[in-house]
Amino acid sequence: MSDTFSFLGNANAEVIDDLYQQYKNAPDSVDYGWQKFFEGFDFQQKNYEAEGPIPDNMFREFKVINLINAYRSRGHLFTKTNPVRTRRKYSPTLDLENYGLSSKDLSTVFQAGEELGIGAASLKDIIEHLELTYCQSIGIEYMYIREPHRLAWIRDRIELKNRPTFSKKLKLEILKKLNQAAVFEQFIQKKFVGQKRFSIEGGESLISALHALVERGVDMGVEEFVIGMAHRGRLNTLAHILDKPYEHIFSEFAGNQFDGDELFDGDVKYHLGYSKTVKTKKGKDAHITLCPNPSHLEAVNPVVSGLSRSKIDLHLHDEKKIVPIIIHGDAAIAGQGVVYELAQMAQLDGYRAGGTIHLVVNNQIGFTTNYLDARSSTYCTDVAKTTLCPVFHVNSDDVEAVIQTIQIALDYRQEFNRDVFIDLLGYRKYGHNEGDEPKFTQPQLYNIIAKHPNPRTIYLNKLIEEGIVDEQYGESIQKDLGILLDKKLEEAKDIPHSVIKNFLEGTWKEFRKATDKDFIESPDTSFNKKTLLELANNLNQLPEGKNFFRKTQKLMADRQKMIKNNKLDWGMAEMLAYASLLADGRNIRLSGQDVERGTFSHRHAVIKTEDTEEEFIPLNSIAKKQGDFSIYNSLLSEYGVLGFDYGYAFGSPNGLTIWEAQFGDFFNGAQIMIDQFISAAEDKWRIMNGIVLLLPHGYEGMGAEHSSGRIERFLMQCGENNMQICNCTTPANFYHLLRRQMARPFRKPLIVFTPKKLLRYPKAVSTIDELAKGKFQEVFDDPTADPKKVKTVILCSGKLYYDLLENKEKVKTSDDLAIVRLEQLYPFPEKQLNAIVEKYGENASYVWAQEEPENMGVWSYIFRMYRKIKLDVIAKSASGSPAPGSSKLFEKRQKAIIDAVFNYNK
Ligand SMILES: Cc1ncc(C[n+]2csc(CCOP(=O)(O)OP(=O)(O)O)c2C)c(N)n1
Ligand SMILES: [Mg+2]
């Protein structure tokens with residue numbers, strides 16, 4: 001660095017110096033203000049000795065520049081954004097003295113005003129401009145943005161255009177929306193005393209913000225909005241943004257059971273999803289989807305992103321036509337790690353959704369916990385900085401500032417397709433819910449809040465002062481809405497059952513709910529053999545004229561050989577399942593850690609050229625007309641990524657959406673998605689989802705981790721056909737299972753425990769006929785057992801079968817043993833098992849064998865599910881961890897299981 005500006009003595013010198021060098025090379029490449037500034041600097045330099053002292057006025061110009069930059073980067077710390085509390089004190093302040101200036105300089109005219117676009121101006125005017133821009137109701141954090149054009153976009157937008165004018169018409173509209181937000185809450189407060197509604201009072205301008213977002217968005221070409229939000233303000237959002245009829249909301253308050261279905265458990269009113277096409281004031285359509293939301297805060301976020309992405313991929317084909325909106329609480333956004341996971345996903349190829357608008361309903365409290373105990377960071381939004389997203393902190397009592405912020409944020413999002421955060425600083429009028437007493441924990445604050453006028457009153461008074469409306473107007477809009485709400489409450493009394501309107505109704509209209517009968521047997525999933533062979537051939541061709549790694553060429557040759565020898569391994573069957581679905585026009589999305597190659601190097605769905613690392617995806621060139629195959633190595637997250645793919649599957653019921661865990665164990669990082677969504681969504685929200693989870697599972701002496709995908713946890717959560725749990729032993733069965741997922745007129749989550757050892761195990765192969773014909777087999781009987789000789793029927797699942805088979809083939813005296821495999825654990829294949837029992841008779845002994853400890857695996861589940869026979873168990877003894885660390889100990893225990901099986905009844 002040259003030291004032209006080193007006298008400034010801090011980081012700014014370096015920045016200005018760089019800028020100066022840039023100016024020297026190409027004057028037009030720097031902002032106009034800086035051009036003028038450097039022109040002046042050069043002029044001064046020419047007129048003084050080059051080595052001579054910097055003239056005092058020049059020196060002061062730099063100090064003013066320093067001050068301007070201080071406002072830009074620290075101004076947000078000194079705003080008037082908190083409606084009910086004085087802010088914490090930060091230093092250094094923006095006082096002149098901290099920048100080497102004093103009140104004596106206030107009337108001096110500085111060239112540095114050019115930098116702000118106001119031309120040469122007195123220091124007083126410069127400061128006034130800075131105060132108005134950076135220190136009123138909006139605080140802006142953006143100076144850390146590294147791309148100069150994004151930074152300049154925000155700076156110009158706020159410094160040059162930060163004086164919005166709202167027309168009288170718009171002001172009346174803003175008042176109307178605030179009136180709706182406030183009066184609706186007050187009405188419910190009166191009519192449903194003490195009932196939980198998680199009022200938005202104190203943050204009513206959220207509704208104004210969302211309304212402005214939709215109106216402006218549609219004007220800019222946005223067609224859809226996908227919203228994820230928690231409890232706070234949800235009913236108000238449903239009523240005033242998604243136009244959910246008041247009478248339906250009131251009917252739910254009355255506690256009516258949901259329509260029709262006794263088996264459908266439903267959920268509390270502030271969790272249900274909803275979607276609707278609403279009309280904007282210009283008569284244009286806006287399709288808005290509010291995702292159903294579990295209590296588990298922030299869990300819905302990746303679902304919103306995934307759903308939005310599926311809409312982009314499948315029908316919008318343009319990130320600018322959809323806006324994902326996530327509404328956070330201040331405590332939740334700071335405390336929940338999934339927020340960080342999603343922030344990291346936002347710009348990744350496989351997980352981007354065009355930039356999310358994050359709105360924080362910052363009421364400065366989480367349940368009873370003060371913000372000082374809720375985070376270490378200054379702001380609850382500080383996670384935004386990890387990915388250098390701009391953050392706006394706005395006083396939510398100043399509704400015009402809120403709307404102005406929304407406009408900038410939306411424009412920024414549409415320009416750059418990046419995430420943007422808006423921190424709406426308000427308060428919570430009541431306790432956490434309406435039955436809660438906040439004065440137990442925040443007596444002082446709630447004394448202040450009790451006296452604080454609501455945002456509607458504040459805005460009404462502002463408009464009265466401006467002469468736009470009078471007091472009577474305010475009273476009349478309040479009264480009119482009250483009359484309407486009374487009428488709707490009466491109408492609600494005539495609704496016998498609450499109506500649950502399926503969110504994503506249109507997307508799912510061709511699917512029906514599954515019944516018990518659907519699971520008795522699997523549908524035919526055969527596929528024309530000739531076409532399958534053609535697909536297999538196309539799949540294993542490398543493109544001409546490209547340079548591939550020798551081992552890759554061998555891999556393709558080996559796969560060709562597999563087809564010739566009619567012995568298809570696991571990876572091949574998986575690829576053919578995909579190829580056959582793609583050839584039928586289905587889209588497939590597969591995501592997870594290292595899925596492109598496959599953790600165990602068995603998939604190779606993405607092949608790279610050796611010299612340029614160019615990607616080749618064979619599955620995308622298997623047929624002239626085919627569906628899209630998308631595969632993405634994910635970031636190292638389970639919760640966020642599974643949530644995203646689950647959301648994607650919501651939007652893509654006609655495509656196959658798969659998430660694979662690196663090892664089955666690691667799904668537990670995404671346990672929340674399984675508990676809150678995958679296992680329970682249909683029962684709570686009456687929505688289906690066809691997500692597939694591939695969880696590598698099996699005991700191979702790798703230690704306590706990497707062995708178990710925790711089958712027991714999934715089985716424990718099964719009921720009412722909520723999901724399918726399978727553990728296949730043949731490539732063909734896995735192939736049919738994947739095809740089955742698309743073959744039925746309904747969708748159910750599918751959890752597949754996938755093998756590791758079997759990926760290369762010589763006996764775990766299938767023929768092309770086994771793929772081309774038939775269907776998924778829930779149970780495999782022992783193909784060699786003679787029922788007349790069998791005394792013991794071993795029931796098992798997964799890879800243990802092959803360990804037992806090896807031994808059976810070794811031990812000649814095992815004719816009295818049948819080894820039966822359960823390939824599907826849930827829905828429970830009762831009919832198929834009954835046939836087994838009928839075949840081997842009631843006198844045979846039935847034993848469940850598993851390699852997991854007795855307190856894990858399938859044992860306690862099958863013991864509960866199949867009570868018609870006496871069932872014994874062979875398993876390792878109960879244990880705290882799934883498997884031992886020592887491979888010797890593992891082998892010993894594994895042998896003990898096998899010995900116990902073969903010595904049973906002897
Ligand atoms: C993951 C999770 N942990 C705990 C809770 C229980 N809980 C419900 S609301 C709430 C406070 C949330 O505070 P904040 O995010 O600021 O939202 P607010 O209620 O203030 O709008 C808590 C702790 C929850 N729902 N989810
Ligand atoms: Mg809060």
Side-chain angles (χ1 to χ4, degrees), residues 81-85 181 185 196-207 209-210 227-238 267-272 291-303 325-342 358-377 379-384 393-396 421-438 440-442 445-446 449 455 639-640 643 668-677 680 684:
T81 46
N82 199 326
V84 285
R85 273 200 254 237
E185 295 287 0
K196 284 186 194 177
R197 72 190 138 99
F198 298 103
S199 143
I200 191 66
E201 285 157 287
E204 287 94 328
S205 59
L206 169 74
I207 303 301
L210 289 171
I227 306 178
M229 74 185 297
H231 49 288
R232 184 84 45 218
R234 194 174 174 100
L235 298 175
N236 216 314
T237 304
L238 279 164
D267 200 352
V268 289
K269 50 199 166 289
Y270 40 83
H271 285 168
L272 299 176
C291 285
N293 185 77
S295 259
H296 210 115
L297 294 167
E298 307 287 343
V300 76
N301 306 1
V303 179
I325 302 168
I326 297 179
I327 302 166
H328 311 261
D330 54 311
I333 192 177
Q336 293 292 304
V338 72
V339 178
Y340 175 80
E341 292 185 28
L342 197 64
H358 297 266
L359 281 157
V360 184
V361 178
N362 184 351
N363 49 23
Q364 310 180 53
I365 198 162
F367 208 150
T368 66
T369 302
N370 272 325
Y371 71 99
L372 288 171
D373 294 324
R375 58 181 188 261
S376 292
S377 59
Y379 293 113
C380 62
T381 49
D382 276 353
V383 66
H393 307 278
V394 200
N395 186 329
S396 76
F421 288 71
I422 301 160
D423 175 14
L424 288 172
L425 233 98
Y427 55 93
R428 190 185 69 193
K429 173 87 178 154
Y430 300 103
H432 174 59
N433 60 59
E434 289 61 37
D436 226 21
E437 175 52 79
F440 280 134
T441 47
Q442 281 82 13
L445 177 65
Y446 275 83
I449 288 173
Y639 184 5
N668 60 5
Q671 184 74 58
I672 294 157
M673 292 314 308
I674 291 149
D675 296 350
Q676 260 59 37
F677 288 92
K684 292 194 291 191

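Atoms within each ligand, like the ligands themselves, are counted from 1 in listed order. Quick caveat: nothing in here was measured; it's all calculated off a predicted structure.
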Min over Q364, H296, M229 of heavy-atom distance to atom 1 (C) of ligand 1 lands on H296

Closer than 3.5 angstrom, by distance alone: can the side chain of E201 be matched with the main-chain N or O of Y430 as a donor-acceptor pair? no

Residue, atom name and distance, where the atom is the protein heavy atom closest to atom 16 (O) of ligand 1: D330 OD1, 2.6 Å

Are any side-chain N or O atoms of Q364 and backbone N or O atoms of G426, one a donor and one an acceptor, separated by less than 3.5 Å? yes

Please report how many protein N/O/S atoms lie under 2.8 Å from the Mg ion (ligand 2). 3

Would H432 count as a contact residue for ligand 1, given that I'm defining contact as a non-hydrogen atom of the residue lying under 4.0 Å from a ligand atom? yes

Hey, is atom 3 (N) of ligand 1 touched by any protein heavy atom at less than 4.0 Å? no

Given side chains that start at C-beta, do those of D330 and V361 come closer than 4.5 Å, heavy atoms only? no

For the residue pair H231 and H432, categorise the inter-ring angle as parallel (less than 30°), tilted (30 to 60°) or perpendicular (more than 60°). perpendicular

Going by heavy atoms in the side chains, are D423 and T81 under 4.5 Å from each other? no

What are the two closest heavy atoms between A332 and V339, and how far apart are they? O-CG2, 4.4 Å

In terms of residue, atom name and distance, what is the protein heavy atom nearest to atom 17 (O) of ligand 1? G329 CA, 3.7 Å

Return yes when atom OH of Y371 has more than 12 non-hydrogen atoms of other residues, nucleotides or ligands closer than 6.0 Å, and no otherwise. yes

May I ask you to list the atoms of ligand 1 that are less than 4.0 angstrom from any heavy atom of A331? 13 (O), 14 (P), 15 (O), 16 (O)

Note, N293 side chain near R234 side chain (heavy atom, < 4.5 Å): yes

Sub-4.0 Å heavy-atom contact, H328 with ligand 1: no

Say whether, by atom type as modelled, one donor and one acceptor occur between the side chain of S205 and the main chain of S396 under 3.5 angstrom. yes

Does atom 6 (C) of ligand 1 have a protein non-hydrogen atom under 4.0 Å from it? no

Exactly one of E437, R428, K429 should register a side chain to side chain donor-acceptor pair (under 3.5 Å) with Y446. Which one does? R428

Just jot down the ligand 1 atoms closer than 4.0 angstrom to any heavy atom of S295, in number order. 24 (C), 25 (N), 26 (N)

Check whether the side chains of N301 and Q336 place a donor and an acceptor atom closer than 3.5 Å, and report yes or no. no

Just say parallel, tilted or perpendicular for the rings of H358 and H328, cut-offs at 30° and 60°. parallel

If you take all heavy atoms of G640 and P302, which pair is closest and at what distance? O-CB, 3.2 Å

Considering only protein heavy atoms, which is closest to atom 12 (C) of ligand 1, and at what distance to one decimal place? L297 CD1, 3.7 Å

Could you tell me whether N363 and ligand 1 have an N or O pair separated by under 3.5 Å? yes

For the residue pair V338 and L342, establish whether any side-chain heavy-atom pair is separated by less than 4.5 Å. no

Does any N/O atom on G366 come nearer than 3.5 Å to any N/O atom on ligand 1? no

Numbered in order shown, the ligand 1 atoms found under 4.0 Å of a heavy atom of F367 are 11 (C)

For Q336, is at least one N or O under 3.5 Å away from an N or O on ligand 1? no

May I ask whether H231 has any heavy atom positioned less than 4.0 angstrom from an atom of ligand 1? yes

Return yes when V361 approaches ligand 1 closer than 4.0 angstrom through a heavy atom, no otherwise. no

At a 4.0 Å threshold, what atoms of ligand 1 neighbour a non-hydrogen atom of R232? 18 (P), 19 (O), 21 (O)

Considering heavy atoms of the protein only, find what lies nearest to atom 15 (O) of ligand 1 and give residue, atom and distance to 0.1 Å. A332 N, 2.9 Å

Does the protein put a heavy atom under 4.0 Å from atom 24 (C) of ligand 1? yes

Measuring only between side-chain heavy atoms, which start at C-beta, is L425 closer than 4.5 Å to N395? no

